Amino acid sequence: MKVSPEILNMTPYRPGKPISETQREFGLEKVIKLASNENPLGPSPKALAAVSKALSQQHFYPDPSAYEFLGTLEKMWKVPREKLSIGNGSDEIIDLLTRIFCEAGEGVLTAQAAFQAYQVSSSANRLNLYKTPLTKDSRFDLRAMAEEFLAHPERKVRLIFVANPNNPSGTFVTRAEMEDFFARLGGRDDVLLVFDEAYTEFLRAPEAASAMDYVSKVSNLVVLRTFSKAYGLAGFRVGAIVAAPEIIEIYNRVRKPFNVNDLAQVAATAAVQDIEFIEASRKVTWEGLEYFARELTRLGLKFLPSQGNFVLFDTERDAMQVYEAMLREGVILRPVLNYGMKRELRMSVGLPAENEAAIRGLEKVLPKIPKASGDYVPFRGT
Ligand SMILES: *Cc1c(COP(=O)(O)O)cnc(C)c1O
């Protein structure tokens, strides 16, 4: 069996540990999962009702054009349908973009500690991934990224991924920084600027913005959205891509016609119209983030201010030990060793009782684990 070096050297993506596995391994009945940035309120109730009604129609293939779904996005997001398409989660879209717009040996650019899917898809498709250092406050440095792109034409960078907000850090780029970035790289025909907005619904900083506002002005801009986070449909696997019609047309040639199944389309169509649910998701997230900020401060732990539905904090210890100890307490957090962060853990916002259980767990386990020694600057990653 011959396997390419890029694939042999890949670090596989390790998803959050499932509840059932944790129950089995530790003999626990009650387990709280705050590991995958899922919506603690569950799916939108309107989505569930729509799915129940559609069950009896599942002997038919899904609509490959997603006519109803895209029509609803058109209305809700005020984007014409020629600029929209769908993916089996935005994960699939990330992978398709690397397959479609790059040749083997070409480059992809992102930032240090960026969402790991960019790395996985780049390696799987034999591309070189380059990473620009973060700002001092651990944010994507868009100016440095643009400069690095311009300084290295020999790398043949075809895609630039900006996660805004980023996972696992929860940091964001400002509207002013985005505008400067578009002024530098917008309109080029040799590179696509991909803004991954998986957590855009949770943005609340006044300087924050969605790249969606620029899709009609910046011809090489691609915006990704997901239904896995604020809409509560992670299990259904639905993502959306927003870009110029020429980009969407190419994307649709390569995407499988039935990549998003019918129930998923039905669920997402209902969820995107469920304004009340989105408002409730925001509220529970923002209140949870405030609670975490207060409690982590009380415990003397540093964390990054987050614009997502999770918080990255420094345990000041070997994070794997804290993670294991928390599992025994029935709380699944997310290690971020794969991002080169050995002391940090990521904790998703849950329901208030879940958040409280997580903090109680930390309060119990941390004193039993020795503090790490030596110099370490948290929240940088690799
Ligand atoms: C969760 C996440 C996604 C995508 O999730 P899908 O479930 O594949 O839609 C994309 N980007 C970032 C930064 C994420 O955190």
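For the single chain, residues carry numbers from 1 onward in sequence order. Being a predicted model, the structure only gives us computed values, none of them experimental. All values below were derived from every heavy atom in this structure, side-chain atoms included, with hydrogens, water molecules and symmetry-related copies excluded. Just so you know, ligand 1 is whichever comes first in the structure, and atom 1 is the first atom listed for that ligand.
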Is the distance between the ring centroids of F227 and F236 under 6.0 Å?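 Here the rings of F236 and F227 have centres that are no less than 6.0 Å from each other.
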Strictly under 6.0 Å, is that where the ring centroids of Y199 and F172 end up? no
Only pairs under 3.5 Å count here: list side-chain donor-acceptor contacts from residues 260-270, not counting sequence neighbours, and write none if there are none.
from, atom 1, to, atom 2, distance (Å)
N261, OD1, L263, N, 3.0
N261, OD1, A264, N, 2.9
D262, OD2, Q58, NE2, 2.7
Q265, NE2, D63, O, 3.1
Q265, NE2, V260, O, 3.0
T269, OG1, Q265, O, 2.6

Nearest protein heavy atom to atom 4 (C) of ligand 1, by residue and atom, and its distance?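 Protein heavy atom with the smallest distance to atom 4 (C) of ligand 1: S90 OG, 3.0 Å.
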Is D196 near ligand 1, meaning one of its heavy atoms is under 4.0 Å from it?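 Heavy atoms of D196 do come under 4.0 Å of ligand 1.
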Geometric cation-pi criterion, K256 with F258: 6.0 Å, 45°: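 No - K256 does not lie over the ring of F258 by the 6.0 Å and 45° rule.
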Taking the six-membered ring of F149 as reference, does the cationic atom of R155 (NZ for Lys, CZ for Arg) lie under 6.0 Å from its centre and within 45° of its axis?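 Ring-cation test returns no.
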Charged N to carboxylate O under 4.0 angstrom, E279 versus K283? no
Proximal ligand 1 atoms for A198, defined as those under 4.0 Å from one of its heavy atoms: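 Those qualifying, in numeric order: 2 (C), 3 (C), 10 (C), 11 (N), 12 (C), 14 (C).
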Could you list the atoms of ligand 1 found under 4.0 angstrom from a heavy atom of G89? 6 (P), 8 (O), 9 (O)
Kindly confirm or rule out an N or O of N167 lying under 3.5 angstrom from an N or O of ligand 1.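 Yes, N167 has an N/O under 3.5 Å of an N/O on ligand 1.
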Could you pull out, from [options], the option with a heavy atom nearest to [atom]?
atom: atom 9 (O) of ligand 1; options: D91, T226, N309; value: T226
atom: atom 15 (O) of ligand 1; options: Y118, F115, Y199, F161; value: Y199
atom: atom 1 (C) of ligand 1; options: R237, K229, Q116; value: K229

Just to be sure I read this right, does ligand 1 sit under 4.0 Å from the backbone of S228, its side chain, both, or neither, counting only heavy atoms?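 Looking at S228 and ligand 1, just side chain atoms fall under 4.0 Å.
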Take a 6.0 Å sphere around CD of E103 and say whether it holds more than 12 heavy atoms from other residues, nucleotides or ligands.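 No.
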